[in-house]
Amino acid sequence: MWIEWTIATRFLREGKAQSTLILVGIATGVAVIVFLTALITGLQGNIINRTLGTQAHIRVQPTEETNRILAPADGSVQLVLENKRAQRLRSINNWQQVGDVLDTLPQVTAVSPVISGPAFARRGEALESVALVGIDAERYQRIIPIQDDVVAGVFRIGAGDTVIGRQLAADLGIRVGDKLRLDGGQGRETVLNVAGIFELGVRELDSRYVYLDMKQAQSLLDLPGAATVIDVTVDDIFAARRIAARIGRLTGLKSESWMETNAQLMNALRSQSLSTQMISLFVALSVALGIASVLSVSVVQRTREIGILRAMGTTRPQMLRVFLMQGAIFGLAGSLVGGLAGYGLVAAFNTFGPKLFFIPVDPWLLVGAAALATVTGIVAAAVPARRASGLDPVEAIRHV
């Protein structure tokens, strides 16, 4: 193996200009792969964090109510014109027991019961339609850390306190410490103190959500002791669909993952991943063609030297390994330089870029890029290597 290594490095030194050019080409290709992969990964992570920062990974709700139609009498034909039944706000049956079951599932990290429904918020002559969100504060904070998004006052609910969105506060002209009247309909009203104002960064939520204690929401919505939704978070967000299906089978309730409620987002993420893979494939292909072309020229230029080496006792397998080593050296050296250049581009983006999001630096990305470039170099060198090992010593020595 040492002999093959010595011959391979000697050939590379003698073809210094060609070797430098192909190394620069490989380094450029690897730098593009590393930077684009890191960029897309950071962009996807930012999109997912922004999306899932305001919602649960899985929502468990009561199944939809359906019409019950009597079977036709024997020997008769029944024609049915059916309208879908209107869905009323209702509680999950035995939601406490359901929550206890979900707490025991291995991939579930947090479970929080919620009672949510429509209401009106009044202040003076101003009237806004809002969504009441009655929560268990301790449990809900593990689903969505609202406390981190409070921009004024404190996150405090219960005992006559509530927390509202920033846009809603602006629409009603409310500041921390002001009173807010909530009307749940049919004479169910209450006046609460605004203890805090939050900003989730989603206008629809900031203009409608009103967080309050579960008991207060139950009273306003006329659902004593109820929970209309159970929010769930899991340790692997991309396994949410499978876990939601399992929860549905286990509880018999409607269980939707964030992937189902954000179908367009999932399509966008898949498209981004596919585009990154296609770019990496074409860059790797161009690198392979470059290595193959350089080594093919090297075989032609060194035909006489190859013949002399064969005549001196160098076997065909040894000559095959010489050129395969050259391909591996090209790939490994170029990938290391290109990987460092790619990390430099990532650092420059994080430092001098628009700072819309942060690109994380994954050390395993460099390892993967180096392995890919090295394997590509070996594969690309296979054809020139077989040609070199197949040269007849006598004909090669006579080559001019």
Side-chain angles (χ1 to χ4, degrees), residues 49-56 59 61 86-91 112-231 258 261-262 265:
N49 288 336
R50 286 182 177 272
T51 301
L52 299 186
T54 59
Q55 67 182 72
R59 304 203 82 194
Q61 306 173 66
Q87 303 299 309
R88 60 188 174 89
L89 188 66
R90 57 198 176 94
S91 175
S112 176
V114 175
I115 176 168
S116 178
F120 288 103
R122 300 176 184 273
R123 185 170 187 267
E125 297 298 324
L127 177 67
E128 293 289 339
S129 173
V130 298
L132 302 181
V133 185
I135 60 174
D136 179 335
E138 183 179 354
R139 281 181 169 269
Y140 194 79
Q141 288 282 1
R142 298 200 296 267
I143 303 288
I144 301 175
I146 297 295
Q147 188 169 357
D148 298 340
D149 298 308
V150 172
V151 295
V154 295
F155 182 77
R156 185 176 66 243
I157 60 175
D161 289 325
T162 184
V163 178
I164 67 176
R166 184 171 186 173
Q167 186 61 46
L168 178 60
D171 292 341
L172 295 177
I174 289 179
R175 295 181 297 179
V176 172
D178 289 345
K179 300 298 181 180
L180 176 66
R181 181 180 297 274
L182 295 175
D183 183 357
Q186 297 181 351
R188 297 186 300 272
E189 291 189 0
T190 187
V191 178
L192 300 176
N193 175 64
V194 177
I197 297 173
F198 65 85
E199 183 176 17
L200 295 175
V202 181
R203 184 180 179 86
E204 178 67 18
L205 304 184
D206 291 338
S207 63
R208 295 201 65 215
Y209 272 22
V210 175
Y211 285 103
L212 60 165
D213 184 73
M214 283 193 72
K215 291 184 178 180
Q216 294 172 329
Q218 290 165 353
S219 176
L220 282 169
L221 297 173
D222 195 24
L223 290 172
T228 58
V229 178
I230 298 178
D231 284 344
W258 69 273
T261 55
N262 298 275
L265 172 62

ask   = So, Y211 versus F198, ring centres under 6.0 angstrom or not?
value = yes

ask   = At their closest point, which heavy atom of Y209 faces which heavy atom of L168, and how far apart are they?
value = O-CD2, 4.3 Å

inquiry  = I need the minimum non-hydrogen distance between A195 and V176, along with the two atoms involved.
reply    = O-CG1, 3.6 Å

ask   = Going from CG on L172 to CD on Q167, what distance comes out if it is rounded to the nearest 0.5 angstrom?
value = 10.0 Å

request  = Report yes if the side chains of Q216 and T162 come closer than 4.5 Å at any heavy-atom pair, otherwise no.
outcome  = no

request  = Using the side-chain contact (heavy atoms from CB on, under 4.5 Å) rule, take V154 and V163 through it: C-alpha gap first, then chi angles, then the decisive distance, then the call.
outcome  = CA-CA 8 Å; V154 295; V163 178; over 6 Å; no

query = Between CZ of F155 and CD1 of I197, what distance do you get to the nearest 0.5 Å?
reply = 14.0 Å

inquiry  = For a quick test of reading the model, state the closest non-hydrogen atom pair linking P113 to A227 and the distance between them.
reply    = CB-CB, 4.1 Å

key: Criterion side-chain contact (heavy atoms from CB on, under 4.5 Å) against T54, the qualifying member of V202, D149, I146, D206   = V202

request  = Apply the test side-chain contact (heavy atoms from CB on, under 4.5 Å) to residues R156 and V150: give CA-CA distance (whole Å), side-chain angles for both, the deciding distance (0.1 Å), then the verdict.
outcome  = CA-CA 10 Å; R156 185 176 66 243; V150 172; over 6 Å; no

remark   = The side-chain hydrogen bond (donor to acceptor under 3.5 Å, both in side chains) partners of R208 (sequence neighbours excluded) come to none

inquiry  = Are the side chains of R59 and D231 in contact, using a 4.5 Å heavy-atom criterion?
reply    = yes

request  = Walk me through it: do D183 and R188 pass the test salt bridge (Lys or Arg N to Asp or Glu O under 4.0 Å)?
outcome  = CA-CA 6 Å; D183 183 357; R188 297 186 300 272; over 6 Å; no

ask   = How many angstroms lie between CG in L182 and OG in S219, if you round to the nearest 0.5 Å?
value = 11.0 Å

task = Mind checking the CD1-CG spacing from I115 to L221? Nearest 0.5 Å is all I need.
result = 5.0 Å

request  = State the OG1-NZ distance between T190 and K179, to the nearest 0.5 angstrom.
outcome  = 10.0 Å

query = Do L180 and D178 come within less than 4.5 Å of each other through their side chains, counting heavy atoms only?
reply = no

request  = Check for a donor-acceptor pair, side chain of E128 on one end and backbone N or O of A121 on the other, with a separation under 3.5 Å.
outcome  = no

remark   = Note: L212 and A217 closest approach over all heavy atoms is CD1-N, 3.7 Å

task = Check the surroundings of atom CZ in R203: do more than 12 heavy atoms from other residues, nucleotides or ligands lie under 6.0 Å from it?
result = no

Pairwise side-chain contact, R142 with S112, heavy-atom cut-off 4.5 Å (strictly under) = no

query = With no hydrogens and no angle check, is any side-chain donor or acceptor of T228 less than 3.5 Å from a backbone partner on S116?
reply = yes

message = Testing the basics here: between G184 and A119, what is the closest heavy-atom pair and its distance to 0.1 Å?
response = CA-CB, 4.3 Å

CD on E189 to CG on L220, rounded to 0.5 Å = 9.0 Å

